[in-house]
Trainee: 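Starting off with a structure, shown below.
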Amino acid sequence: MPIISIANLSKTYATGFSALSGVDLAIERGEIFALLGPNGAGKSTLINIVCGIVTPSSGTVTVDGHDIAGNYRAARRAIGLVPQELTTDAFETVWNTVSFSRGLFGLKADPGHIERTLRALSLWDKRDNRLMTLSGGMKRRVLIAKALSHEPRVLFLDEPTAGVDVELRQDMWRLVRDLRGQGVTVILTTHYIEEAEEMADRIGVIRSGRIILVEEKAALMRKLGRKRLTLHLQTPLDALPDDLAGFDLDLAAGGQELVYTYDTKAERTGITGLLTGLSAAGIRFNDLHTEQSSLEDIFVGLVREEARAAE
Amino acid sequence: MMGKDMGERTGMNWPAVRAIYLFEMGRFWRTAGQSILAPVISTTLYFVVFGAAIGSRVSAVDGVPYGLFIVPGLIMLSLLTQSIANASFGIYFPRFAGTIYEILSAPISPLEVVLGYVGAAASKSILIGLIILATSALFVPLRIDHPVWMLAFLLLTAVTFSLFGFIIGLWADGFEKLQLVPLLVVTPLTFLGGSFYAVSMLPPFWHTVSLLNPVVYLISGFRWAFFGTADVGIGVSLAMTGLFLAICLGLVTYIFRTGYRLKS
């Protein structure tokens, strides 16, 4: 059974804006799931519905088998949420605000757990500091500590590394992997593709309130990934030879490089044909390399494709 | 383990009520100096102005010396304004700052949220009411005929107006609105509700108008607990306070059922 099941979920705000339409999604237990999408695609709305902050217009969501409306206590107890905005109680201390969160979730005080959480997030030295004295990065850590204070089985990270320095970003990635090691399911939204690429087991792409794709990261890369073959020419070319017009070629580095883009999933990559053609045209090269397109390229391609289909 | 901690027997999330209550009381203690000093100073001022300067020229009201007569009104005045201010700010500020997300995403029922916030706001205003009572004792020899009723009215009024403040805090979508109702409605009603006089001292027409003011019943009932005399019957006072409490409870229930101003 998936830890989160979302069925036919829609949300239309009072303003008439339709943020989600007919979303179906299943999050597997223990995975790291990245929800990718441009701004305004519905990522936060989706998370906020699952967490109980936004009321859905229609559809159902269950968390660990508990309906978020019918059995909201059990559903919410399973979830920790790190919101996108850095919202903290300025006058509270780090220790108090994290302990407060644990209490809200119905758990008895456990100083040992709070201490471990603060230490894991490098917040232990700051435990008696008031939140308003902390930097943005530190506040972000506090929000994570609050979300982990009640030992959730599912952790939502809404844009966790937006405006965060490199050190914290790496700490966060390490933390997320540790959590998965403990069996915690992690769902993160991001528009930094590298984040999804670095961390996620599966990736969902959302656009205009619809999930347009859910795929294993590796499979996604394999399936949609395009490769680029770059040839370093012995003598620069001014223009592409007419004989090679049938190939998807570009000149780069002032004619010094010839770049061939091809589809790895296609039956024929056309590489043999290209090389034969080059040889026939008398174009020589002294080096070559290939590179896999990044998730970023895949993502941009997908979103464009969708936009075109919508027109 | 979690289930046990949640308090499965009652089904109530008491740790959450406690967390909200203590968080809200924390704000009070953080500013304990001004929380306690302000009512002491304002009470002193009222006694100097009304009790000494004016009171010396006013004869006893219903056989109660004027200085003593204004004590219940003074306490009520602070009780109402403090209850509303504390409760409205308590819930408005997290909405304004965005920290409300945590309350909304926690396994808490509306009842528990209200218990935490309203309980804390009522506690604060009762504390302030008692401080004013103690300060009054420095100026006049106190006389409380029905101490249990006095405490009951204190509690009932604090809870009712904290609920009312909670509703204002949910309704307000700006700091101006937060001030609007206390300033334009509650303060005038309190001053015109007989804080510093018995409504029976008014001309017949204004006396009748005053009876439309719900605060009259609160102050009258409270004053009865002190001196055994009242503008209206104690039963009527109790019934009116209960009615207002019921209206506030109904409104809060409606707000949570519809998610008004809390959830989109």
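Residue numbers begin at 1 in each chain, while the letters A, B, ... track the order of the sequences.
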Trainee: Picking from A:Asn96, A:Thr97, A:Asp89, what satisfies side chain to side chain contact (heavy atoms under 4.5 Å, CB included) with B:Phe23?
Mentor: A:Asp89
Trainee: So which heavy atom on A:Leu104 is nearest to which on B:Asn13, and how close?
Mentor: O-ND2, 3.1 Å
Trainee: Search all heavy atoms of B:Ser105 against all heavy atoms of A:Phe105 and return the closest pair with its distance.
Mentor: O-CZ, 3.6 Å
Trainee: So, does A:Arg76 use its side chain to make a donor-acceptor pair with the main chain of B:Ala106 at under 3.5 Å?
Mentor: yes
Trainee: Heavy-atom count around B:Phe96 CZ within 6.0 Å, excluding the residue itself: above 12?
Mentor: no
Trainee: Quick check: closest heavy atoms across B:Pro15 and A:Gly106, and the distance to 0.1 Å?
Mentor: CG-O, 3.5 Å
Trainee: side-chain contact (heavy atoms from CB on, under 4.5 Å) between A:Tyr72 and B:Ser109: does it pass, once the steps are laid out?
Mentor: CA-CA 9 Å; A:Tyr72 70 94; B:Ser109 72; 3.1 Å; yes
Trainee: CH2 of A:Trp124: more than 12 outside heavy atoms within 6.0 angstrom?
Mentor: yes
Trainee: How many angstroms lie between atom OG of A:Ser149 and atom CD of B:Glu102, to the nearest 0.5 angstrom?
Mentor: 7.0 Å
Trainee: What are the two closest non-hydrogen atoms of B:Pro107 and A:Arg77, and how far apart are they?
Mentor: CG-CG, 3.9 Å
Trainee: State whether B:Arg27 and A:Glu92 are salt-bridged, where the test is any N-O pair (Lys NZ or Arg NE/NH1/NH2 against Asp/Glu carboxylate O) under 4.0 Å.
Mentor: no
Trainee: What is the distance from atom OG of A:Ser101 to atom CD1 of B:Ile103, rounded to the nearest 0.5 Å?
Mentor: 9.0 Å
Trainee: Look up atom OG1 in A:Thr55 and atom CG in B:Leu104, then write down how far apart they are to the nearest 0.5 Å.
Mentor: 9.0 Å
Trainee: Roughly how far apart are B:Trp14 CH2 and A:Lys108 NZ, rounded to 0.5 Å?
Mentor: 14.5 Å
Trainee: Output the option from A:Phe91, A:Phe100, A:Tyr13 having the highest count of non-hydrogen pairs under 4.5 Å with chain B.
Mentor: A:Phe100
